[in-house]
Amino acid sequence: MVTDPIADFLTQIRNGVAAGKAEIVAPYSRIKSDIAHILKDEGYIREAELVRKDNKQWLRVELKTGGARRSIEGIRRVSRPGLRRYVGAKEVPRVLGGLGTAVVSTPKGLMTGSEAKKQNVGGELICFVW
């Protein structure tokens with residue numbers, strides 16, 4: 001039984017990067033897809049796409065491999081089912097002094113912390129990526 005599918009998805013990405021995998025495949029959900037597209041836009045992963053196999057939907061995430069440095073040094077779930085963390089527009093934290101990215105779920109959809117500050121909206125703090 002999966003109690004926190006977002007945390008499981010982030011763990012799959014973290015383990016895939018650490019193992020040097022080219023891609024991971026996770027069960028599809030809209031929020032996972034949105035997180036993956038934010039990671040793509042921020043340059044942490046190469047591609048994220050919906051794949052249908054045996055009448056099920058999967059999210060295929062192509063990881064960045066090669067080079068001396070990993071594309072994702074760390075990824076951490078912040079708000080979780082047992083302890084939700086909400087922030088206002090002015091309280092969105094900077095990750096590693098601006099070198100990382102915070103993902104925030106707002107009434108206007110999922111977006112990075114810097115976008116949330118620009119649009120002056122707060123919401124649930126989903127994860128940090130650096």
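Starting from 1, each residue takes its place in the sequence as its number. Predicted model, so just to flag it, every value in this text is computed and none were measured.
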Testing the basics here: between Glu62 and Ile45, what is the closest heavy-atom pair and its distance to 0.1 Å?
O-CB, 3.6 Å

Side chain to side chain contact (heavy atoms under 4.5 Å, CB included), that's the test. Do Ile35 and Ile126 meet it? Break it down for me.
CA-CA 9 Å; Ile35 291 170; Ile126 301 294; 4.0 Å; yes

Measure from the side-chain N and O atoms of Lys53 to the backbone N and O of Trp58, and report whether any donor-acceptor pair falls under 3.5 Å.
no

From the options Arg46, Lys64, Arg60, select the one residue that forms a salt bridge (Lys or Arg N to Asp or Glu O under 4.0 Å) with Glu23.
Arg60

Out of Gln57, Lys56, Lys32, which one pairs with Pro27 under the side chain to side chain contact (heavy atoms under 4.5 Å, CB included) rule?
Lys32

Min side-chain heavy-atom separation Lys90-Asn120 under 4.5 Å:
yes

Atom pair CZ (Arg84) and CG (Leu125), whose distance is rounded to the nearest 0.5 Å
12.0 Å

When rounded to the nearest 0.5 Å, the distance separating CG of Leu99 from CZ of Arg94 is 8.5 Å

Does Ile72 reach the side chain of Ile13, with side-chain heavy atoms less than 4.5 Å apart?
yes

I need the minimum non-hydrogen distance between Asp4 and Pro81, along with the two atoms involved.
OD2-CD, 3.3 Å

Using modelled atom types only, decide if a donor and an acceptor are shared between the side chain of Arg80 and the backbone of Leu83 within a distance under 3.5 Å.
no

For Val95 and Phe128, which heavy atoms make the closest approach, and how far apart are they?
CG2-CD2, 3.4 Å

Taking Lys21 for its side chain and Leu63 for its backbone only, find out whether a donor-acceptor pair lies under 3.5 Å.
no

Is the closest side-chain heavy-atom distance between Val129 and Ile38 below 4.5 Å?
no

Value for OG1 (Thr101) from CE (Met111), rounded to nearest 0.5 Å, stands at 14.0 Å

Look only at the side chain of Arg14 and the backbone of Ile75, and say whether a donor-acceptor pair between them is shorter than 3.5 Å.
yes

May I ask whether Tyr28 and Leu110 are part of the same hydrophobic cluster, defined by side-chain heavy atoms of I, L, V, M, F, W, Y residues being less than 4.5 angstrom apart, directly or through others?
yes

For residues Ile24 and Phe9, determine if any side-chain heavy atom of one lies less than 4.5 Å from a side-chain heavy atom of the other.
yes

Could you state the interatomic distance from CD1 (Ile6) to OG (Ser105), rounded to the nearest 0.5 Å?
8.0 Å

Is the shortest heavy-atom distance from the side chain of Trp130 to the side chain of Arg76 under 4.5 Å?
yes

Specify the closest pair of heavy atoms between Ala36 and Val61, including all atoms of both residues, with the distance to one decimal.
CB-CG2, 4.4 Å

Can Tyr86 be reached from Ile31 by stepping across I, L, V, M, F, W or Y side chains whose heavy atoms are under 4.5 Å apart?
no

Output yes when a side-chain donor or acceptor of Arg77 lies under 3.5 Å from a complementary backbone atom of Ser79, and no otherwise.
yes

Report the distance from atom OG1 of Thr106 to atom CD of Gln119, rounding to the nearest 0.5 Å.
7.0 Å

